[in-house]
> 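Below is one structure. I have some questions about it.
Letters A, B, ... mirror the listed sequences (proteins, then strands); counts begin at 1.
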There are 2 protein chains.
Amino acid sequence: MLTNLSVSEQNYIKSIYHLQQNSESVTTNALAGHIKTKPASVTDMLKKLQTKNLVNYNPYKSFRLSREGNKAALNIIRRHRLWEFFLVNQLQFTWEEVHEVAEQLEHVTSKKLVDKLDAFLGYPGFDPHGDPIPNSNGKINQQVQMPLFNLPLNTLAIITSVQNQSSDLLSFLSNSGITIGTKLEVKQKLNFDNSLGIKIKNKSSIFISEQIANAIQVNPL
Amino acid sequence: MLTNLSVSEQNYIKSIYHLQQNSESVTTNALAGHIKTKPASVTDMLKKLQTKNLVNYNPYKSFRLSREGNKAALNIIRRHRLWEFFLVNQLQFTWEEVHEVAEQLEHVTSKKLVDKLDAFLGYPGFDPHGDPIPNSNGKINQQVQMPLFNLPLNTLAIITSVQNQSSDLLSFLSNSGITIGTKLEVKQKLNFDNSLGIKIKNKSSIFISEQIANAIQVNPL
DNA sequence: TTAATTTTTTAGATTTGTCTAAAAATAATT
DNA sequence: AATTATTTTTAGACAAATCTAAAAAATTAA
């Protein structure tokens, strides 16, 4: 039942997915607000998505994505996050710039494109904001990713990505023995300047600034 | 007067551009055929593009892209060809697969995206089919590109791109001293198997197969 | 240069997604 | 529980892009 979805339908499905993350079921008003349209338009679209079996819709009561709808949403989100990763890590976009562009790229639906992009990027688990990227089967990495700066003290973690905004940073990190896959713990945090004392596994300790600690993403182990 | 163009308007503009390449002015029927729509729809759209000053349209007579329209077309074509280049050279698509996907990607209009993609790809002059890629000012490279196989005998040419479909090929070529920028001539062509005898400038001569000669793009000098 | 043919345009209908205003259902309040 | 307020849906209209069928213009042929 792989219907071709219009850009508009895709936007509704994606928004319902996101709103469902926070609360059990979604309201017409909330969705209208999220998607910048009017409640009446939402109702219209819900009826349409209902006939396509993408939502389970009880008029005046509630609605949720169906299993089908959920699958469609994960596909859209996969595309969005892969493109965000591409924009930041290959094209040198900054975090703030990517969302709008990825919003357009996500509607290019070629499965072959998405899977090849995924492979090209090295099957990343998280987008630049730290949100997980569903794999080609729609499975979401259950690990948690966070900036190294937010890692609790004395918690072993593994580096999963580094925002390569400047080559300065990259060379500093590689000289310090910090790359993707490096395991480390935060041993102390100086209140004076928010710098962190880092213990790299089987290696020496170093201090890094708050800025650097925020450019490094880690998974707690 | 940088109006935002709908996908549909973009498709019309692009098609008019391509049809104009072959004949002075374009007919309603030809455009309808090219765009897979009905003549009546073409007329409707022409009236719309006229009000936006993108075409010069004389009902029952003829129409052409205006200066504005031409600029818009070159922008669309730039995006299309850059994405084709990306798909083939980074994502390992084959020539035949790229068109359909690029057809969708070309409608993502972010100028920042396009210019960063261009830089990322190294400002390529030609797409994988050998068609020139307009630069960010809409200027088209006037050089000619062709497969090495089609280069006339004893004509000096420079290699501009290599289809990196297999790593076999790439390592063979680099071992033979053939990379982007290498200057060479074709000295002979064997009718038996269509293989070519190549003289690399300031270096030795080698023979390469028809297949390889078709994977190498050159500019005659 | 008329008549026949082809091309192009107009007129009116259709589909998709949206909107406003009014009606219906649900939720909150006294 | 009845009234008020809020939320949601319906009804009908609208814009964009398309279509069919008929009319108008241009072209070709007799």
> Does Thr37(A) put a side-chain nitrogen or oxygen below 4.0 Å from OP1 or OP2 of dT18(C)?
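Negative; the distance criterion is not met.
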> Each nucleotide in nucleotides 6-15 of chain D should get exactly one letter: B, S or -. Can you fill that in based on protein heavy atoms under 4.0 Å?
-SBBB-----
> Sequence neighbours left out, what passes salt bridge (charged side-chain N to carboxylate O under 4.0 Å, His left out) with Lys116(A)? Give chain and number order.
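If we apply the salt bridge (charged side-chain N to carboxylate O under 4.0 Å, His left out) test to Lys116(A), skipping adjacent residues, there are no hits.
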> Can you give me every donor-acceptor pair (side chain of residues 149-156 of chain B, partner residue at least two apart or in another chain, under 3.5 Å) with its distance?
unit_1: Asn154(B); atom_1: OD1; unit_2: Lys187(B); atom_2: NZ; d: 3.2
unit_1: Thr155(B); atom_1: OG1; unit_2: Pro152(B); atom_2: O; d: 3.3
unit_1: Thr155(B); atom_1: OG1; unit_2: Leu153(B); atom_2: O; d: 3.3

> Do any side-chain atoms of residues 54-62 of chain A form donor-acceptor pairs under 3.5 angstrom with protein atoms, and if so which ones, sequence neighbours left out?
none

> Kindly write out the residues that satisfy ring-ring contact (aromatic ring centres under 6.0 Å, His included) with His99(A), not counting sequence neighbours, or none if the list is empty.
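Applying ring-ring contact (aromatic ring centres under 6.0 Å, His included) to His99(A) gives His80(A).
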> Rounded to whole Å, please give me the gap between CE in Met45(B) and C1' in dT8(C).
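It works out to 17 Å between those atoms.
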> Has Ser8(A) got a side-chain N or O lying under 4.0 Å from the OP1 or OP2 atom of dT18(C)?
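Checking dT18(C) against Ser8(A), a side-chain N or O does come within under 4.0 Å of OP1 or OP2.
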> Between the side chain of Glu9(A) and the main-chain N/O of Ser6(A), is any donor-acceptor distance below 3.5 Å?
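Between the backbone of Ser6(A) and the side chain of Glu9(A) there is a qualifying donor-acceptor contact (under 3.5 Å).
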> Would you give me the side-chain donor-acceptor pairs under 3.5 Å for residues 212-221 of chain A, sequence neighbours excluded?
unit_1: Asn214(A); atom_1: ND2; unit_2: Glu210(A); atom_2: O; d: 3.4
unit_1: Asn219(A); atom_1: OD1; unit_2: Gln143(A); atom_2: NE2; d: 3.3
unit_1: Asn219(A); atom_1: ND2; unit_2: Val144(A); atom_2: O; d: 2.6

> Whole Å only: how far is the NZ atom of Lys38(B) from the P atom of dA22(D)?
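Distance check: Lys38(B) NZ to dA22(D) P gives 16 Å.
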